[in-house]
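Read through the structure below, which is laid out as structure tokens, and then see the notes.
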Number of protein chains: 2
Amino acid sequence: MLAEQSPFAMKLGAFVSLSGDELSTMELLQSRRKKFAAGREILHQGQSKKTAYILSSGWVCSYKLLSGGARQIVDFQIPGDFLGLRSLLFRSADHNIEPVTSVEVSEVQATDLLEAFRKSPRVGTGLLWAASRDEAMLVEHLVGIGRRGAKERVAHFLLELGARLKLVQLSTPLGYACPLTQNMLADAMGLTAIHVNRVLRELREDRLATFQHGMVTIHDFDGLVAFADFDKSYLDHEGPLLK
Amino acid sequence: MLAEQSPFAMKLGAFVSLSGDELSTMELLQSRRKKFAAGREILHQGQSKKTAYILSSGWVCSYKLLSGGARQIVDFQIPGDFLGLRSLLFRSADHNIEPVTSVEVSEVQATDLLEAFRKSPRVGTGLLWAASRDEAMLVEHLVGIGRRGAKERVAHFLLELGARLKLVQLSTPLGYACPLTQNMLADAMGLTAIHVNRVLRELREDRLATFQHGMVTIHDFDGLVAFADFDKSYLDHEGPLLK
DNA sequence: CGTCGGGTTGATAACTTTCAAATTTCGTGG
DNA sequence: CCACGAAATTTGAAAGTTATCAACCCGACG
């Protein structure tokens, strides 16, 4: 009910209803603020600094590089998302994290997290839900690259992003601001930037969706959902059973 | 040190050294034995039966189906692996699990798991490690489908399987028994069975590896590693930091 | 004003699928 | 134990999708 809720609280709040106490626990988690400029690496493959972050504003991407120089973007993170949870748990990171835009994050130490769980199990529940949702998205990403055609894949991606952004009030059914370049999109979709460009043009010509000038516009939501075979159920679990 | 250790204990034991007590805790987890015939569905998308399993013998696969009928296999599980951990935590499963061969599993309830964690934090640590390793494999799978050529991808897959099987003594550097069909391989790799067949032939002709008659034979391990750009570090974390 | 990264388009090449069909292997019932 | 049918493997040829190469345009920025 607060006018100024953090995206993190908005996101978890969409899943578990949070008391005032719980909200302040979450805000407390986000007290160590930091900024990174676009392109300034946050986490590097093999790095062992054991910090995680909550993203407050801006977008980041996590990716892996192959020896040949190719890059596969594993996921994008948007405000409210948790970054580097695994790097907190393990000796060294197995992927890179880099801001897409300039970003604002809050550093989270392992101890902060444990303390938050202790004070409010529901925050832990929410995080567990978020982690599981991330894994479901990863699986869906795999399915898309493995078995969807390029056009369906991109369409599906645009819809997924929209659904995610809606949770933090950064999207409407009409569209959303999207700072990604076609190159990043390509590295995420397992395509070439050139081909992504063509696919986007086709989607535009089909009057389904437009992605231009940093703005995604959905022209025909139902049509796009049907075309992409988008089933959003993997995005909104009804909640974990363990508390 | 036991001659007859369960694959599950062997696998976790490769990561955390386990006391006799801990070993028996793990064996206790595996007391509710069950068998499934090949092809007999274990878990169905949307299903809400809240049980997980530890796989003792045989192979299973988890996959998703698209509306067009296409199938993407997300992962194969081999003896010692945990099945359906997420379906234990959440209301309903978002993927299917099906035995590849006839299998023997042990049913695990949420309460069993919590009890095991309570009795032996190290078992919990081990499971956390296993879950994280699974996620790392998922990411690597995504990278492979997105950015590796078909031949490199299949080669990489054969090496990964070998490394996983070695942990439970089902593989040597020379090769291993593999009950997968070229069709399954195709659905896992995001390729056509026909193309998988050609790729396997090429790998054989290159004297790198052979997969025939349910048997994978590695002819030139180093050559295969080099060709596939296989870096096994994502498979052997040195261990979680939280206990 | 010139450079540079991103976007756009066309032509060509490479890779993968699709379609068709023959062959082999495997599981099951007789 | 054999025979049979179904499933899996194998190969060829043609079609389709996506990548690669080459240019050009444009706006941001020093």
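None of the values given here were measured: they were computed from a predicted structure. Order of the sequence lines sets the chain letters (A, B, ...), proteins ahead of strands, with each chain counted from 1.
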ask   = Which nucleotide in the set D:dA8, D:dT20, C:dC19 lies at the smallest distance from any side-chain heavy atom of B:T181?
value = D:dA8
request  = Classify the nucleic acid contact of A:T192 as base, sugar-phosphate or nothing, counting any heavy atom under 4.0 Å across all strands shown.
outcome  = base
key: A:K151 or B:Q182, whichever maps to the more 5' nucleotide of DNA chain D   = B:Q182
ask   = Hey, which of these two, A:Q212 or B:G149, hits DNA chain C nearer its 5' end, going by closest nucleotide?
value = A:Q212
request  = Measure from CE on B:M189 to C1' on C:dT16 and round the result to the nearest Å.
outcome  = 14 Å
ask   = Taking atom C1' of C:dC26 as reference, at what distance in whole Å does atom CG of B:N183 sit?
value = 16 Å
inquiry  = I'd like to know if the side chain of A:D229 pairs up with that of B:S67 as donor and acceptor (distance under 3.5 Å, no hydrogens or angles considered).
reply    = yes
ask   = Checking all strands, does A:R201 fall into the base, sugar-phosphate, or nothing category for heavy-atom contacts under 4.0 angstrom?
value = sugar-phosphate
Nucleotide of D:dA22, D:dT11, C:dT17 approaching B:H195 most closely (side-chain heavy atoms) = C:dT17
query = Roughly how far, to the nearest 0.5 Å, is the CG atom of B:L12 from the CZ atom of B:F82?
reply = 10.0 Å
query = So, A:D81 side chain and A:I78 main chain: donor-acceptor pair closer than 3.5 Å or not?
reply = yes
query = Is B:G190 touching bases, backbone alone, or none of the nucleic acid, heavy atoms closer than 4.0 Å?
reply = sugar-phosphate
remark   = Taken to the nearest whole Å, CE/A:M184 to P/C:dG7 is 9 Å
inquiry  = What is the distance, to the nearest angstrom, from the CZ atom on B:R204 to the P atom on D:dT9?
reply    = 11 Å
ask   = Does the base of C:dT18 carry an N or O that pairs as donor and acceptor with the side chain of B:R198 under 3.5 Å?
value = yes
query = Hey, does A:L191 reach any base, or is it just sugar-phosphate, or nothing, if we go heavy atoms under 4.0 Å?
reply = sugar-phosphate
query = With sugar-phosphate meaning primed atoms plus P, OP1 and OP2, does A:A193 contact a base, only sugar-phosphate, or nothing at under 4.0 Å between heavy atoms?
reply = nothing
